[in-house]
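Working notes, structure below.
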Amino acid sequence: MIERTLAIIKPDAVSRQLTGEIIKRYELHGFKILAVKKIQITKSQAECFYYVHKQRPFFESLAGFMAGGPMVVLVLEGKDAIKRHRDLMGATNPKEAAPGTIRKEFGTDIEHNVVHGSDSRESAQFEIGYFFSGLEFQP
Ligand code: IDP
Ligand code: MG
């Protein structure tokens with residue numbers, strides 16, 4: 001099934017000059033980049049994006065981190081893109097991520113884990129719509 005998923009190269013990765021390295025991996029793994037842009041969001045915009053985690057103890061810190069510098073957001077397309085992208089990212093905690101995954105290679109800790117990826121069709125739909133309008137897509 002051809003799917004679309006939202007990827008974020010988080011502020012820790014952008015500030016460490018890892019943007020190109022991570023985009024290269026998306027392309028090497030066969031994902032088509034439908035849309036891409038560099039933006040900085042406010043803390044309240046980050047809280048809205050991560051609203052499913054609002055009861056979690058790390059919510060405040062996470063929103064501050066995501067608003068703390070520019071990020072690169074992308075729409076990736078490909079066969080089973082949602083799961084294949086999650087597999088390429090690796091586990092949330094870089095220390096537990098499998099060898100060769102983006103988080104294992106570049107992640108610092110469970111919060112500063114360099115990338116985000118949608119985890120379901122429903123979240124992909126919400127997350128893509130949160131950052132992109134249809135006019136921004138290039139097939
Ligand atoms: P995911 O990004 O692998 O889907 P989620 O559980 O959805 O992981 O958490 C969203 C983000 O919140 C993570 O990517 C990470 O940046 C941060 N996070 C998750 N768990 C913790 C934690 O226990 N402490 C601090 N930050 C966390
Ligand atoms: Mg998640």
Side-chain angles (χ1 to χ4, degrees):
M1 189 74 87
I2 300 295
E3 293 174 335
R4 291 175 179 182
T5 191
L6 184 88
I8 303 178
I9 302 173
K10 294 183 178 183
D12 57 332
V14 171
S15 67
R16 290 164 59 207
Q17 313 268 68
L18 292 170
T19 302
E21 172 65 39
I22 293 171
I23 289 178
K24 185 173 82 182
R25 286 168 188 240
Y26 297 151
E27 294 198 317
L28 282 174
H29 284 78
F31 294 100
K32 188 165 164 181
I33 296 169
L34 286 193
V36 55
K37 62 185 172 187
K38 185 177 185 181
I39 55 171
Q40 183 163 1
I41 60 174
T42 66
K43 192 170 177 206
S44 62
Q45 288 169 335
E47 286 172 359
C48 187
F49 177 72
Y50 275 123
Y51 74 98
V52 294
H53 294 310
K54 63 179 177 295
Q55 307 298 347
R56 308 283 290 276
F58 57 82
F59 181 67
E60 276 291 306
S61 174
L62 173 62
F65 160 53
M66 294 297 285
M71 59 171 71
V72 174
V73 291
L74 309 93
V75 179
L76 305 180
E77 186 179 78
K79 189 168 179 296
D80 301 323
I82 296 168
K83 180 177 188 305
R84 286 203 310 113
H85 178 229
R86 295 283 303 188
D87 290 346
L88 176 61
M89 289 163 54
T92 306
N93 187 343
K95 291 172 186 66
E96 290 162 12
T101 61
I102 293 171
R103 284 169 163 173
K104 180 69 173 187
E105 287 199 26
F106 303 114
T108 304
D109 56 47
I110 194 167
E111 179 173 278
H112 306 93
N113 58 5
V114 301
V115 282
H116 167 86
S118 308
D119 64 2
S120 67
R121 293 214 160 189
E122 294 67 36
S123 63
Q125 193 174 9
F126 164 74
E127 292 175 358
I128 290 169
Y130 195 73
F131 287 112
F132 292 96
S133 86
L135 288 173
E136 295 173 281
F137 284 66
Q138 294 293 331

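Ligands are counted one by one from 1 in listed order, and the atoms in each one are counted from 1 as well.
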*Non-hydrogen atoms of R86 versus ligand 1: any pair closer than 4.0 Å?*
yes

*Is it true that D119 lies under 4.0 Å from ligand 1, counting heavy atoms only?*
no

*ligand 1 N/O within reach of H53 N/O, cut-off under 3.5 Å*: yes

*Report yes if the distance between the aromatic ring centroids of Y50 and F65 is under 6.0 Å, otherwise no.*
no

_Any N or O of R103 closer than 3.5 Å to N or O of ligand 1_ = yes

*Do the rings of F132 and F137 sit parallel, tilted or perpendicular, given the 30° and 60° boundaries?*
perpendicular

*Contacting atoms of ligand 1, where contact means under 4.0 angstrom from a heavy atom of K10*: 13 (C), 14 (O), 15 (C), 16 (O)

*Would you indicate whether the side-chain heavy atoms of V75 and E136 approach each other to under 4.5 Å?*
no

*Between M66 and ligand 1, which part of the residue brings a heavy atom under 4.0 Å of the ligand: side chain, backbone, both or neither?*
neither

*Going by the order shown, which atoms of ligand 1 are within less than 4.0 Å of some heavy atom of N113?*
13 (C), 14 (O), 15 (C), 16 (O)

*asked:* Tell me whether M89 shares a hydrophobic cluster with V14, the cluster being built from Ile, Leu, Val, Met, Phe, Trp, Tyr side chains joined at under 4.5 Å.
replied: yes

*Please state which protein non-hydrogen atom is closest to atom 15 (C) of ligand 1 and give its distance, to 0.1 Å?*
I110 O, 3.2 Å

*Protein contact to atom 8 (O) of ligand 1 [nearest heavy atom, distance to 0.1 Å]*: T92 OG1, 3.3 Å

*Step by step, work out the side-chain contact (heavy atoms from CB on, under 4.5 Å) result for R4 and L76.*
CA-CA 6 Å; R4 291 175 179 182; L76 305 180; over 6 Å; no

*Heavy-atom distances under 4.0 Å are what count here, so tell me which part of L62 touches ligand 1: side chain, backbone, both or neither.*
side chain

*Under 4.0 Å to a heavy atom of Y50 - the qualifying atoms of ligand 1, by number*: 10 (C)

_Side chains of I102 and L18 in contact at under 4.5 Å (non-hydrogen atoms)_ = no

*Could you find the nearest protein heavy atom to atom 16 (O) of ligand 1 and give me its residue, atom name and distance?*
E111 O, 2.8 Å

*Considering F58, F59, F65, which one's heavy-atom position lies nearest to atom 23 (O) of ligand 1?*
F58

*Relative to each other, are the rings of F49 and F126 parallel, tilted or perpendicular (30° and 60° limits)?*
parallel

*Below 3.5 angstrom, do we get any N/O pair linking R56 and ligand 1?*
no

*Answer yes when E60 and K43 have at least one side-chain N-carboxylate O distance shorter than 4.0 Å, and no when they do not.*
yes

_Among E21, E27, H29, exactly one meets side-chain hydrogen bond (donor to acceptor under 3.5 Å, both in side chains) together with R25. Which residue is that?_
E21

